[in-house]
Amino acid sequence: MTEVRLRAEGVRLGYGDRVVVDDLDLDVVDGSITVIIGPNGCGKSTLLRALGRLLAPRSGAVLLDGKRIDRLPTKEVATVVGLLPQAPSAPEGLTVADLVSRGRQPHQRWYRQWSAGDEEAVSRALSLTGMDVHAERVVDELSGGQRQRAWISMTLAQDTSLLLLDEPITYLDLAHQVDVLDLVHRLHTERGTTVVMVLHDLNLAARYADTLVAMREGRIVAQGPPSEVLSEQLLSDVFDLDAKVLPDPVAGTPLVVPVSAHLSPDRG
Amino acid sequence: MKTVHDVVHDVAAAPGRKALRLGPLAWTFRPRIVLVPLAGAALLVLVAALNIGKGSAHLEVLDVLRTLLGGGDRRENGIIFDLRLPRTLAGVLVGAAFGLAGAVFQTIARNPLASPDILGITWGAGVGAVALIVAGGTRGQVSGVVAELGVPLAALGAGLVAGLLLYALSWRRGIDGHRMVLIGIGLSAIGYNAVYWLLTVGDVDDATRATTWLVGNLAGVGWESIGPVAIALAVLVPATLVCAHTMGGLQFGDDTARGLGIRVDAARGTLLLLAAGLAAVATAAAGPITFVALASPQIALRLARTPRPPLVGSMVLGALLTVGADLALRTFAPDLPVGVLTSVLGAPYLIYLFVRSRKGVRA
C-alpha cells in the first residue's frame, strides 16, 4: 500500500520578485527515502522548505497526510515533520545535550518542559547518532562531523515520522557522509521513517534513495528509482555533465563517472 | 552505534539534566539556575537593609530587618515605612524589570548588546514622559492623578511604540540581531534628541524636573510611584516567564525555530513587546537607569553557566545592581543620582562588548 504522506500540488515558490519553482507536483510516499538532486540554484532547497512549511507557496498547496499544511497548527506540524535546515547555527556555549533537548520543544508546554518522555527521547536520539559520549561537550567545540550528528540528534529527538534534511552531509568527510546516510537508512528500515533529503553527491543519492527526483530550473525533469532516473542522457540534460554511468560495484546502483575535458580522446 | 531496538530497551537518563517533576508539571532542574537567584536574593536583602538604614538617622541592618518583619517601634516604623522604604523598593522593582527586559532582548536578538537602553526603548519611554511633563507645564500644572498615572502611562505607551518601531524596522523576513542593534542605536539617538528638544521648548521649572528624572534617579521616588510599577510588573513578569519557553528555540535560526513548531514572528513579537513594556514601566518610575539591563543578564549567564541569560537570575541581579549602585553612591558621592554611576560603569562595558561583537561573539 502506497500512502502519500506529503504532496505538493502545483506549487509556485519564490522569494521577493523571483519565482524559483513553478507549477510543481510531487508525491512523497510513506516509508520511502526521496532524494532531490539538481544543479545549484535549481530550487531543491526551496522545495524542501515549502514541504517543511518554512515557505508558503504563492499558489498551489502542500498537503501533509491529506490536509493543507498551512492550515495545521505550527506545533502539530512539528510533531509530525522534523527538519534540518542547511548549515544551522547554535548559540555560543550550548552543550550537545541542551541542543538535542530543544528538539522536544513541540512536545512541551511552559508548565511541562522536561517530562520522562522528553528524557527518554533525548537519550535515544543521542545513542542513535553515537553522540551520547559527547553529550556534555559544547557544540561549537565539536568537529564538523560531530556537530552535524548533534543536529541530526536534535531532529531525531523531535520524534517525527517524517524527516526533511537539507544537504545533511555537505560539510562532512566521506566516512562521516556514509555514517550519516547509514543512520538515515536505519531509521527508515527500523522505524519506517519517511525521509526527504537534498544531496549533492549523485552516487550516494543513487545508493540510498528509493525515489530520485531530478530538478532543473524549478521543474522536475525526472523521478523514479535511481536505476531508471540516473542515465547519461539525464546527466547531460540536468547538469550539462558529460559522464558515464556504470553499475556501482558495491551496491549495484548507478555510479556516475564524469568525463573530464582534458581526458577526452577527441581533444586533439 | 546501536540499533534502534537496542536503544529503545536501553534508555539511560539523559546526561546533564536533572528533572523536577510533580504530577503533570515538569521542568529541567539545574542547581546553578536555582542557586544564583537564591544567593543573589540573600545579598539583595543585605544591601537593601543597608540602603534603608542609611540616612540622617542611622539604623542598623538588624533593626531594619526586624522592622520590615513587623517588629519595629513607632519611630522605626515611621522612618522606614513612611520615608525610606519607597526608594529601595523602587530600586528593587525597577532593577528587576530592567534585568528581565535585558535578558529577553539579548536572547531574541542573539546579541549581548541588545538591551532596552541601547535599542531605543528607554529613550522612547523618556520622550513620552518628558512630553507629558512639558505639555502639562504649558497648559497648567501636571499634578494629582495626571502626574501619578499620566507620566508612567505616557512612558509605557511611548516605550511600546518604540518597541513596535524597532520590530517593524528591523524585520526583513526575520530578525537579524546586528541589524536590530544598529536600528535601535538610531532610534535611541532620535529619542535622545527629541527629549532635549522638548526640554528647550518647556519652561525652566518643568525642564529642571524633567532633567533630574532623565539621569535616572531613585531619590524622589515615593509610595505614589511604587503602585503603578508594582501593578505593571505583577502583570508583565508572569506573562514574560510563561511566554519565555519558546526562547530556547528562538535562539536558533528562524528556519530551525519554525521546524520546532514555534510561530516565530508571533512568539518573538510578543516577547519583544513584553520586554519593551517592562523597560518602559521601569523608566517611567525612576528614569533611564542605564547599564543594568545591559549587564545583569550577562553576569547572571556567566554565574549560572547557562546557554542563554537566566530570567529569574537576571531579575535578581538587576535589582542587586540597582540598589547596590544607589547605596554606593549615597555612601561615596551623596549628591549624585544613581543613573550617573550606572552610566560610568556602562560605558567601558559597552566598548568591551562592541570589541567582542566584532569577533562574531553572540549572546
Side-chain angles (χ1 to χ4, degrees), chain A residues 15 49 52-54 73-79 81-86 88-95 97-103 105-106 108-116 118-120 122-124 126-130 132 135-136 151 154-155 158 164 179 182-183 186-187 190-191, chain B residues 1-30 107 110 112 173 241-264 266-267 301-302 305-308 360-363:
Chain A
Y15 304 98
R49 294 186 73 227
R53 203 188 190 244
L54 297 181
T74 311
K75 211 159 181 165
E76 195 181 313
V77 173
T79 58
V81 183
L83 64 96
L84 184 60
Q86 208 171 327
S89 71
E92 188 193 358
L94 196 73
T95 64
D98 283 330
L99 175 72
V100 178
S101 305
R102 299 272 163 89
Q105 175 89 29
Q108 294 168 341
R109 297 287 179 274
W110 68 269
Y111 54 85
R112 196 185 63 232
Q113 300 197 3
W114 192 234
S115 66
D118 291 337
E119 194 166 332
E120 196 183 306
V122 168
S123 304
R124 194 162 55 220
L126 284 167
S127 312
L128 276 170
T129 53
D132 41 358
E136 293 304 297
W151 279 99
M154 185 191 86
T155 316
Q158 213 172 320
L164 307 181
D179 270 357
D182 276 342
L183 170 67
R186 259 172 41 221
L187 288 169
E190 294 174 22
R191 278 193 194 179
Chain B
M1 287 195 241
K2 304 161 185 172
T3 73
V4 180
H5 292 292
D6 283 347
V7 169
V8 171
H9 296 295
D10 175 29
V11 171
R17 292 193 140 215
K18 292 188 184 67
L20 190 66
R21 298 197 186 111
L22 190 74
L25 311 177
W27 286 280
T28 318
F29 176 73
R30 298 170 199 255
T107 308
R110 292 173 229 146
R173 275 199 260 129
L241 294 179
V242 165
C243 290
H245 77 288
T246 55
M247 277 168 60
L250 285 177
Q251 266 193 306
F252 299 135
D254 286 7
D255 277 3
T256 312
R258 257 186 213 111
L260 291 174
I262 297 168
R263 291 161 62 217
V264 172
L301 172 130
R302 279 166 182 77
R305 295 190 190 150
T306 47
R308 61 187 168 86
V361 175
R362 297 176 146 191

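Quick note on labels: first sequence line is chain A, next is B, and so on, each numbered from 1. For clarity, every value in this text was computed on a predicted model and none was experimentally measured.
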Practice task
For each of A/G52, A/G82, A/A78, A/P73, tally heavy-atom pairs with chain B at distances under 4.5 Å, and name the one with the top tally.
Solution key: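 Looking at each of A/G52, A/G82, A/A78, A/P73 in turn, A/A78 comes out on top.
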**Item:** Choice from A/R109, A/Q105, A/Q86, A/Q158 maximising heavy atom contacts with chain B below 4.5 Å
**Value:**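 The residue among A/R109, A/Q105, A/Q86, A/Q158 with the greatest pair count is A/Q105.
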Is any side-chain heavy atom of [X] less than 4.5 Å from a side-chain heavy atom of [Y]?
{"X": "A/M154", "Y": "B/T256", "answer": "yes"}
{"X": "A/R102", "Y": "B/Q251", "answer": "yes"}
{"X": "B/F252", "Y": "A/P88", "answer": "no"}

Go through B/G248, B/G253, B/C243 and name the one with the most non-hydrogen pairs under 4.5 angstrom from chain A.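 Top count of heavy-atom pairs under 4.5 Å with chain A: B/G248.
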Review point. Between atom CG of A/L83 and atom CG of B/L260, what is the distance when rounded to the nearest 0.5 Å?
Key: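 If we round to the nearest 0.5 Å, A/L83:CG and B/L260:CG are 8.0 Å apart.
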Check your understanding: Partners of B/D255 by salt bridge (Lys or Arg N to Asp or Glu O under 4.0 Å), sequence neighbours excluded?
Key ->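 By the salt bridge (Lys or Arg N to Asp or Glu O under 4.0 Å) rule, B/D255 matches A/R49.
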With only heavy atoms counted, which part of B/T306 is less than 4.5 Å from chain A, the side chain, the backbone, both or neither?
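Neither the backbone nor the side chain of B/T306 comes within 4.5 Å of chain A.
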- With only heavy atoms counted, which part of B/L241 is less than 4.5 Å from chain A, the side chain, the backbone, both or neither?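 Neither the backbone nor the side chain of B/L241 comes within 4.5 Å of chain A.
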- Task: Work out which heavy atom in B/P307 is nearest to a heavy atom in A/L94; give both atom names and the distance.
- Result: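 Nearest heavy atoms, B/P307 then A/L94: CB-CD1, 3.2 Å.
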- Message: Please find the pair of heavy atoms, one from A/L54 and one from B/R258, that lie closest to each other, and give the distance.
- Response: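 Of all heavy-atom pairs spanning A/L54 and B/R258, the closest is CD2-CB, 3.4 Å.
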**OP:** Please flag which part of A/V100 lies under 4.5 Å from any non-hydrogen atom of chain B: side chain, backbone, both or neither.
**Re:**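 Interface part for A/V100: neither.
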